[in-house]
Colleague: 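Pasting in a structure now, in structure tokens, and then I'll have a few things to ask.
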Amino acid sequence: MTSPQSLLLLGRRAAASLIGRGCARVTDALSGVRSAVPRRFIIDTSYAAHFMDFKGSAIPSSMKKLVVTKLSQDFREAVSVRTVAVPTPGDAELLVRNRFVGINASDINYSAGRYDPSVKPPFDAGFEGIGEVVGLGLSASSRYTVGDTVAYFGSGGAFAEYTVVPAKESVPVPSVKPEFLTMLVSGATAYIALRRLGDLAKGETVLVTAAAGGTGQFAVQFAKRAGCHVVGTCSSDEKAGFLKSIGCDRPINYTAEDLAKTLRKEYPLGIDVVYESVGGSVLELAVNSLANKGRLIVIGFISGYQTASGIAPFKGGTLPVKLLQKSASVRGFFLPHFVGDYKEALSSMMQMFAKGELVCEVDCGDMAEEGRFVGLESVFRAVDYMYAGRNLGKVIVEVAPPIVGDSKL
């Protein structure tokens, strides 16, 4: 098979050959006089579908990526590091050199095969990344060029040093800041879920569970922007302080306070909207704490993801009665079902961030025992760190440092 490097070289030689024949002697059909006239150069590049910046970005011949080799809710057991050839982008695709990748609670659900049982190992892991374009297909070059910075999320493949991404699914970003990565899934989930399912009204009380986490931090801020009184649960005083700094009216450190008693005492009329991601006993408490006409939005149930079933025990036998008595509702949210809202959500968040109106807290593991999450192998530590509840903000792994030297990137 012809390598991308060879294609690029062939393209240059072909162009040089055509340019070398800059003029041609042409016969005028009427006078019969042969004269030298400039030839219009038309270079057919259809055979060279890929533009690869091998020199400027130092693209190696091989790379590392994380591959699910066994279905398991134990991420370390399910996933292996593989060394493979750097992929070549198709006609409408980009090759992105990943600088940062995002860690999500659902990474374990994906490695356990819970999203699509028809997909069998081996398959690539990781949902979201941000980095520089180092190669692209011919059609993709109409919108992007080598050196552009983009973010993306999709169905696997981000946990790699290089990822091929459809150009239409890429998001141009001003720079390779990890903060932009926090908006793709975590921010968009909170923005769209609260808008479409929360029906927030000024003066209502909103409870956000795991409020200092990747998506919780956004739910707190968006509920506050809507004029609501915001209650947020967390596991430490440090996290409680962070929640106050982003506008949370009542942070509750459940390791120091009894959550159920606090809610009953301070909010006797109940909670109007709950943004819930923990599941199990916390979900039960959320149901019991709903106000009349309350709305409970389930965006996840992380407490059960590491179990064989993927679901924490939930006593829901009396759920219909409880909902009926309060005219309340439970609403599920899964981001891929709301793709029509995604563009507006991302644009709005980008504008808020640019104006300094949105905090996008990133946790790169600087306080982790083994230090900052750097390198693809540290994804395993990052997943463990998140499931231990130690993160404050969105967990991010730095796959590779910026390129220095003569590179254009």
Side-chain angles (χ1 to χ4, degrees), residues 1-12 15 45-68 81-102 122-178 180-181 184-185 346 374-377 379 396-409:
M1 177 180 287
T2 304
S3 69
Q5 295 98 321
S6 300
L7 285 175
L8 188 61
L9 182 59
L10 286 171
R12 289 171 177 166
T45 58
S46 61
Y47 60 87
H50 314 287
F51 299 94
M52 307 283 281
D53 183 30
F54 288 94
K55 184 178 179 180
S57 59
I59 299 176
S61 60
S62 63
M63 68 171 195
K64 292 180 180 178
K65 71 175 181 178
L66 300 191
V67 178
V68 178
V81 179
R82 292 281 181 86
T83 299
V84 298
V86 173
T88 300
D91 178 62
E93 295 176 328
L94 308 176
L95 178 64
V96 178
R97 177 179 183 268
N98 290 317
R99 286 278 307 285
F100 298 95
V101 294
F123 54 85
D124 297 341
F127 294 119
E128 54 185 344
I130 185 171
E132 302 97 347
V133 175
V134 294
L136 65 164
L138 190 59
S139 295
S141 67
S142 64
R143 292 180 54 200
Y144 293 96
T145 188
V146 167
D148 286 349
T149 54
V150 296
Y152 65 89
F153 89 95
S155 56
F159 291 162
E161 292 173 328
Y162 293 84
T163 302
V164 168
V165 184
K168 65 180 181 180
E169 297 177 10
S170 303
V171 180
V173 291
S175 60
V176 187
K177 286 185 176 181
F180 291 118
L181 193 54
L184 297 187
V185 176
L346 197 59
V374 178
L376 196 61
E377 291 85 351
V379 166
I396 299 289
V397 170
E398 184 177 9
V399 178
I403 297 176
V404 296
D406 296 331
S407 169
K408 66 182 70 177
L409 301 180

Colleague: Output all residues satisfying ring pair (Phe, Tyr, Trp, His ring centres under 6.0 Å) with Phe153, sequence neighbours left out; order by chain, then residue number.
Modeller: Tyr342
Colleague: Please report the shortest heavy-atom distance between Arg82 and Val67, naming the atom on each side.
Modeller: CG-CG2, 3.8 Å
Colleague: Partners of Ser175 by side chain to side chain contact (heavy atoms under 4.5 Å, CB included), sequence neighbours excluded?
Modeller: Lys177, Phe180
Colleague: Ala125 and Val68: which non-hydrogen atoms are nearest, and at how many Å?
Modeller: CB-CG2, 4.1 Å
Colleague: Got a sec, which residues hit side chain to side chain donor-acceptor pair (under 3.5 Å) with Glu377, two or more places apart in sequence or on another chain?
Modeller: Lys64
Colleague: Looking at Gly156, is its backbone amide N or carbonyl O close enough to the side chain of Asp124 to form a donor-acceptor pair, meaning the two atoms are under 3.5 Å apart?
Modeller: no
Colleague: Donor-acceptor check, side chain of Thr163 to backbone of Val96, threshold 3.5 angstrom: yes or no?
Modeller: no
Colleague: Among all residues two or more places apart in sequence or in another chain, which pass the ring pair (Phe, Tyr, Trp, His ring centres under 6.0 Å) test with Phe100?
Modeller: none
Colleague: Which atom names give the shortest non-hydrogen contact between Tyr152 and Ile130, and what distance separates them?
Modeller: CE2-N, 4.2 Å
Colleague: Determine whether a donor-acceptor pair (N or O, by modelled atom type, separation under 3.5 Å) exists between the side chain of Ser62 and the backbone of Thr83.
Modeller: no
Colleague: Holding to side chain to side chain contact (heavy atoms under 4.5 Å, CB included), I want the full list of residues that pass it with Val164, two or more places apart in sequence or in another chain.
Modeller: Pro87, Glu93, Leu95
Colleague: Using side chain to side chain contact (heavy atoms under 4.5 Å, CB included) as the criterion, list what pairs up with Ser170, not counting sequence neighbours.
Modeller: Leu94, Tyr144, Val150, Val165
Colleague: For Arg99 and Ala400, indicate whether the former's side chain and the latter's backbone hold a donor-acceptor pair under 3.5 Å.
Modeller: yes
Colleague: Sequence neighbours left out, what passes side chain to side chain contact (heavy atoms under 4.5 Å, CB included) with Arg143? Give chain and number order.
Modeller: Lys168
Colleague: Heavy atoms only: give me the nearest Ser139-Ala92 pair and the separation to one decimal.
Modeller: CB-CA, 4.3 Å
Colleague: Which pair of heavy atoms, one from Gly129 and one from Ala158, lies closest together, and at what distance?
Modeller: N-CB, 4.2 Å
Colleague: Rounded to the nearest 0.5 Å, what separates atom CD in Glu161 from atom CG in Leu66?
Modeller: 9.5 Å
Colleague: Between Glu128 and Leu184, what is the shortest heavy-atom contact and its length?
Modeller: OE1-CB, 3.7 Å
